[in-house]
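Predicted model, so just to flag it, every value in this text is computed and none were measured.
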Amino acid sequence: MATSTKESFFERVFEVVRQIPAGRVCSYGVIAEACGGRISARMVGWAMNASHGMLPPVPAHRVVNRNGQLTGKHHFPTPDMMQQLLDKEGIKVVNDQIIDFKKLIWIPG
DNA sequence: ACCGTGACTGGCA
DNA sequence: ATGCCAGCCACGG
């Protein structure tokens with residue numbers, strides 16, 4: 001990835017995730033489709049795994065599964081960090097579940 | 001070049 | 001309502 005003649009699909013995913021406004025969340029499937037719809041939701045989660053330590057930082061905490069559940073919180077530096085960040089943005093999370101997720105869901109475009 | 005793995009999703013029993 | 005199966009693409013070994 002050093003040559004960077006062609007950017008990895010990760011960068012594309014990161015860019016979409018960075019477009020998510022604070023106080024809003026997005027699902028993996030939506031991001032996958034926003035990337036061009038040529039990748040599956042699994043690839044998004046996998047890309048998130050590479051987002052750790054990325055600059056600019058990727059708001060992966062705003063990315064949750066289709067159920068609004070913080071499935072990937074275990075991948076953060078600390079499992080509590082994801083909920084703390086969401087709560088700080090005004091998003092209420094209980095039992096790893098986003099409250100009013102249906103209203104907080106944001107879709108590119 | 002082949003196989004396994006992965007922070008998901010949707011459909012069917 | 002809940003649980004299991006299969007599909008999906010990309011990357012590392």
Side-chain angles (χ1 to χ4, degrees):
Chain A
M1 49 172 94
T3 41
S4 68
T5 347
K6 51 199 232 185
E7 299 163 6
S8 303
F9 92 107
F10 298 111
E11 306 251 339
R12 189 157 299 182
V13 176
F14 298 153
E15 215 170 315
V16 176
V17 175
R18 283 182 301 194
Q19 288 172 60
I20 302 174
R24 292 281 190 276
V25 290
C26 195
S27 64
Y28 294 95
V30 174
I31 294 170
E33 205 172 332
C35 277
R38 299 168 200 265
I39 67 176
S40 60
R42 269 193 181 153
M43 304 296 83
V44 179
W46 187 31
M48 294 288 91
N49 190 21
S51 73
H52 177 63
M54 272 296 173
L55 261 42
V58 181
H61 60 273
R62 294 182 190 147
V63 184
V64 295
N65 70 345
R66 199 47 185 100
N67 289 317
Q69 191 174 21
L70 283 51
T71 54
K73 73 169 199 170
H74 287 273
H75 291 253
F76 279 76
T78 57
D80 298 345
M81 187 169 140
M82 189 172 188
Q83 182 174 331
Q84 286 296 298
L85 289 168
L86 291 171
D87 180 70
K88 203 173 187 108
E89 297 194 352
I91 301 175
K92 301 296 188 287
V93 180
V94 177
N95 193 17
D96 301 341
Q97 173 71 39
I98 295 179
I99 306 302
D100 294 330
F101 167 71
K102 202 162 53 174
K103 298 177 183 178
L104 296 170
I105 184 68
W106 175 85
I107 298 168

**Item:** Those residues of residues 54-78 of chain A lying under 4.0 Å from DNA chain B by at least one heavy atom
**Value:** A/Ala60, A/Asn65, A/Arg66, A/Thr71, A/Gly72, A/His75, A/Phe76
**Complete:** Hits for side chain to side chain contact (heavy atoms under 4.5 Å, CB included) against A/Ser40, two or more places apart or cross-chain, chain-then-number order -> A/Arg42, A/Met43
**Prompt:** What pairs with A/Lys88 under side chain to side chain contact (heavy atoms under 4.5 Å, CB included), at least two apart in sequence or on another chain?
**Reply:** none
**Request:** Starting from C1' on C/dA10, measure out to CD on A/Glu11 and report it in whole angstrom.
**Result:** 15 Å
**Prompt:** To the nearest 0.5 Å, how far apart are CD1 in A/Ile105 and CG in A/Asp100?
**Reply:** 12.5 Å
**Prompt:** When you measure from every atom of DNA chain B, which of residues 79-105 of chain A have a heavy atom less than 4.0 Å away?
**Reply:** none
**Asked** Rounded to whole angstrom units, what separation is found between the CZ atom of A/Phe9 and the P atom of C/dC8?
**Response** 16 Å
**Prompt:** For residues 62-73 of chain A, which residue pairs qualify under side-chain hydrogen bond (donor to acceptor under 3.5 Å, both in side chains), counting only residues two or more places apart or in two chains?
**Reply:** A/Arg62-A/Glu89, A/Lys73-A/Asp96
**Request:** Determine which pairs satisfy ring pair (Phe, Tyr, Trp, His ring centres under 6.0 Å) with at least one residue from residues 77-97 of chain A, sequence neighbours left out, and list them in order.
**Result:** none
**Complete:** Here the distance between atom C1' of B/dT9 and atom CD1 of A/Ile39, to the nearest Å, is 13 Å
**Request:** Taking all heavy atoms of A/Met54 and all of A/Ala50, pick out the closest pair and write down the distance.
**Result:** CG-O, 3.4 Å
**Request:** Could you check which of B/dT9, B/dA7, C/dA10 has an atom nearest any side-chain atom of A/Asn49?
**Result:** B/dA7
**Request:** Might you point out which heavy atoms bring A/Ala47 and A/Phe9 nearest each other, and give the distance in Å?
**Result:** CB-CZ, 4.3 Å
**Prompt:** Tell me, which pairs form a ring pair (Phe, Tyr, Trp, His ring centres under 6.0 Å) where one or both residues lie in residues 75-108 of chain A, sequence neighbours left out?
**Reply:** none
**Interatomic spacing from CD1 in A/Ile20 to CD1 in A/Ile107 - rounded to 0.5 Å** = 11.0 Å
**Fill in**
Rounded to the nearest 0.5 Å, the CD atom of A/Glu15 sits from the CD1 atom of A/Ile31 at a distance of 13.0 Å
Give each protein N/O atom lying under 3.5 Å from an N/O atom of nucleotides 3-7 of chain C, with the pair distance.
| from | atom 1 | to | atom 2 | distance (Å) |
| --- | --- | --- | --- | --- |
| C/dG7 | O6 | A/Arg42 | NH1 | 2.9 |
| C/dG7 | O6 | A/Arg42 | NH2 | 2.2 |

**Item:** salt bridge (Lys or Arg N to Asp or Glu O under 4.0 Å) contacts touching residues 17-40 of chain A (sequence neighbours left out)
**Value:** none
**Request:** Any ring pair (Phe, Tyr, Trp, His ring centres under 6.0 Å) involving residues 16-71 of chain A? Give me the pairs, sequence neighbours left out, ordered by first then second residue.
**Result:** A/Phe10-A/Trp46
**Asked** Of the nucleotides C/dC11, B/dA7, C/dC9, which one has an atom closest to the side chain of A/Tyr28?
**Response** B/dA7
**Prompt:** For A/Leu70 and A/Gly68, which heavy atoms make the closest approach, and how far apart are they?
**Reply:** CD1-O, 3.8 Å
**Message:** Let's test your reading of the pairing rules: Watson-Crick or G-U wobble, both distances under 3.5 Å, then write DNA chain C as a dot-bracket string with ( ), [ ], | and dots.
**Reply:** .||||||.|||||
**Fill in**
So NZ of A/Lys92 and CD of A/Gln97: to nearest 0.5 Å the spacing works out to 15.0 Å
**Message:** Rounded to whole Å, please give me the gap between CE in A/Met48 and P in C/dA10.
**Reply:** 16 Å
Close N or O pairs between protein and nucleotides 11-13 of chain B (under 3.5 Å):
none

**Message:** Could you report the tightest heavy-atom contact between A/Met82 and A/Val64, atom names first, then the distance?
**Reply:** CE-CG1, 4.0 Å
**Prompt:** Any side-chain heavy-atom pair from A/Val16 and A/Pro108 closer than 4.5 angstrom?
**Reply:** yes
